[in-house]
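Notes follow the structure.
Values reported hereafter were calculated over all heavy atoms of this structure, with side chains retained and with hydrogens, waters and symmetry mates removed. Just so you know, residue 1 is the first one in the sequence shown, and it goes up from there. Note that ligands are numbered from 1 as they come in the structure, with each ligand's atoms numbered from 1 the same way.
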Amino acid sequence: MITTAKITWLESGEPYSEQFQDFYFSTDGGFAEAEYVFLKQNNFPQRFCELAHQQINTPFQILETGFGTGLNFLVTVFHWLQVANLNCTLKYTSVEKFPLAKHQLEQVYSTFSHNWPQLSFICAELLQHYPQTLSNVDSINTTYMIDLFDGKIQLILLFDDAQIALDKLLPEQAATIDACYLDGFAPAKNPQMWHNDLFNIISTLCKPGAGISTFTSAGFVRRGLITAGFELSKVPGLGKKREILRGTKPLIP
Ligand SMILES: C[S@@+](CC[C@H](N)C(=O)[O-])C[C@H]1O[C@@H](n2cnc3c(N)ncnc32)[C@H](O)[C@@H]1O
């Protein structure tokens, strides 16, 4: 059976994880953080614009560890939908062991819609399709495929432990991911989301040339990702964060 998120609500309306004693996103400005850490470091939306000229519909694939409130997904979709004539589907796969129940997501999205009104139509579209109840999710049936905006966006939610869920994608989905967002809770509080076996699986799922980024600059994360085959650099963070990591899977290993 699935375990849903245990959340405490801050006065600002933002969620705080009781299980992990950590924030889902920066309380300094989650929208700007998602744009900076995950979109900018993966050269979005520029890479989205280049796809506008693509003739065949090969989906553009993003993989995320830690769906949480879906803020990174919402911000990505916001930018994706800005690009006119996109001849391509966005396939966004996200793994989440402790999903928010629909009523929790509704509460988060009322705050998001207040703080970032430009996201409100995406919040509404996702809520319309988000599973009504998670109580019938068992350990075998953990995948939810959700088509949004007439199929322009495909959201695949893997409600399971990251390593177990992503390992199941191999070998069929090896070398299919164009960009990866690593967004577990802080490594010291959530080591299950930051270890070499998981990094190796993620690297195998990524295409040569795929981008990867994360809010942490922890040394063992950097070393683990390099060992898994990524070229990495530290770049300045946003707000209180001094440094973050961005990288690519080299074209020639
Ligand atoms: C920092 S939050 C993600 C924030 C999210 N990307 C957002 O935009 O709201 C980290 C997420 O990782 C999930 N998580 C923690 N351990 C996990 C595991 N072993 N497998 C999969 N998900 C896990 C947590 O439940 C939490 O939702």
Side-chain angles (χ1 to χ4, degrees), residues 2-10 12-39 41-42 62-79 92-102 104-109 111-113 115-116 119 122-123 126-127 130 134 137 139 142-144 155-169 179-199 201-202 205 212-216 218 221 238 241 244:
I2 209 153
T3 309
T4 49
K6 307 267 177 303
I7 286 176
T8 304
W9 300 94
L10 307 182
S12 56
E14 282 164 355
Y16 179 82
S17 168
E18 273 183 36
Q19 272 146 307
F20 291 94
Q21 296 287 304
D22 203 357
F23 297 96
Y24 278 81
F25 45 82
S26 159
T27 45
D28 267 355
F31 187 102
E33 183 197 41
E35 271 186 330
Y36 181 75
V37 176
F38 297 109
L39 282 94
Q41 306 313 324
N42 278 288
I62 296 177
L63 173 68
E64 175 183 52
T65 55
F67 186 70
T69 66
L71 180 57
N72 295 334
F73 172 72
L74 300 172
V75 175
T76 303
V77 170
F78 173 73
H79 283 286
Y92 191 106
T93 302
S94 191
V95 62
E96 175 54 64
K97 189 171 180 184
F98 306 104
L100 273 73
K102 189 168 182 173
Q104 293 173 314
L105 211 58
E106 280 166 349
Q107 190 165 343
V108 178
Y109 285 4
T111 305
F112 283 2
S113 298
N115 292 349
W116 308 302
L119 293 183
I122 310 171
C123 293
L126 178 53
L127 280 176
Y130 195 78
L134 297 167
V137 176
S139 56
T142 52
T143 302
Y144 276 84
L155 172 63
I156 296 153
L157 291 173
L158 307 174
F159 288 148
D160 207 341
D161 173 73
Q163 185 180 348
I164 294 172
L166 297 184
D167 198 37
K168 283 188 195 160
L169 302 182
C180 183
Y181 303 167
L182 297 184
D183 201 18
F185 286 116
K189 296 180 173 174
N190 190 194
Q192 305 84 347
M193 291 288 262
W194 309 95
H195 60 87
N196 289 3
D197 291 341
L198 182 59
F199 299 154
I201 295 170
I202 290 170
L205 288 168
I212 190 161
S213 64
T214 177
F215 64 87
T216 180
V221 171
L238 196 67
K241 276 251 163 258
I244 59 170

What are the atom names and distances for all N or O pairs under 3.5 Å between ligand 1 and the protein?
from, atom 1, to, atom 2, distance (Å)
ligand 1, 6 (N), Glu64, OE2, 3.2
ligand 1, 6 (N), Gly66, O, 2.7
ligand 1, 6 (N), Asn72, ND2, 3.2
ligand 1, 6 (N), Asp183, OD2, 2.7
ligand 1, 8 (O), Leu71, N, 3.0
ligand 1, 8 (O), Asn72, N, 3.2
ligand 1, 9 (O), Thr69, N, 2.9
ligand 1, 9 (O), Thr69, OG1, 2.6
ligand 1, 16 (N), Asn190, ND2, 3.2
ligand 1, 19 (N), Asp161, OD1, 2.8
ligand 1, 20 (N), Ala162, N, 2.9
ligand 1, 22 (N), Lys97, N, 3.1
ligand 1, 25 (O), Glu96, OE2, 2.6
ligand 1, 27 (O), Glu96, OE1, 2.6
ligand 1, 27 (O), Glu96, OE2, 3.3

Can you confirm whether or not the ring centre of Trp9 sits under 6.0 Å from the ring centre of Tyr24? no
Sorted by chain and number, sequence neighbours left out, side-chain contact (heavy atoms from CB on, under 4.5 Å) with Ile156 holds for Lys91, Thr93, Thr143, Met145, Gln154, Leu158
Gln104 and Ala5 have their tightest heavy-atom pair at NE2-O, 3.1 Å
Side-chain heavy-atom pair Asn72, Val75 within 4.5 angstrom cut-off: no
Taking the side chain as every heavy atom from C-beta outward, state whether Leu71 and Leu119 have any atom pair closer than 4.5 Å. yes
Keeping the roles fixed (side chain from Tyr181, backbone from Ser213), state whether a donor-acceptor pair exists under 3.5 Å. no
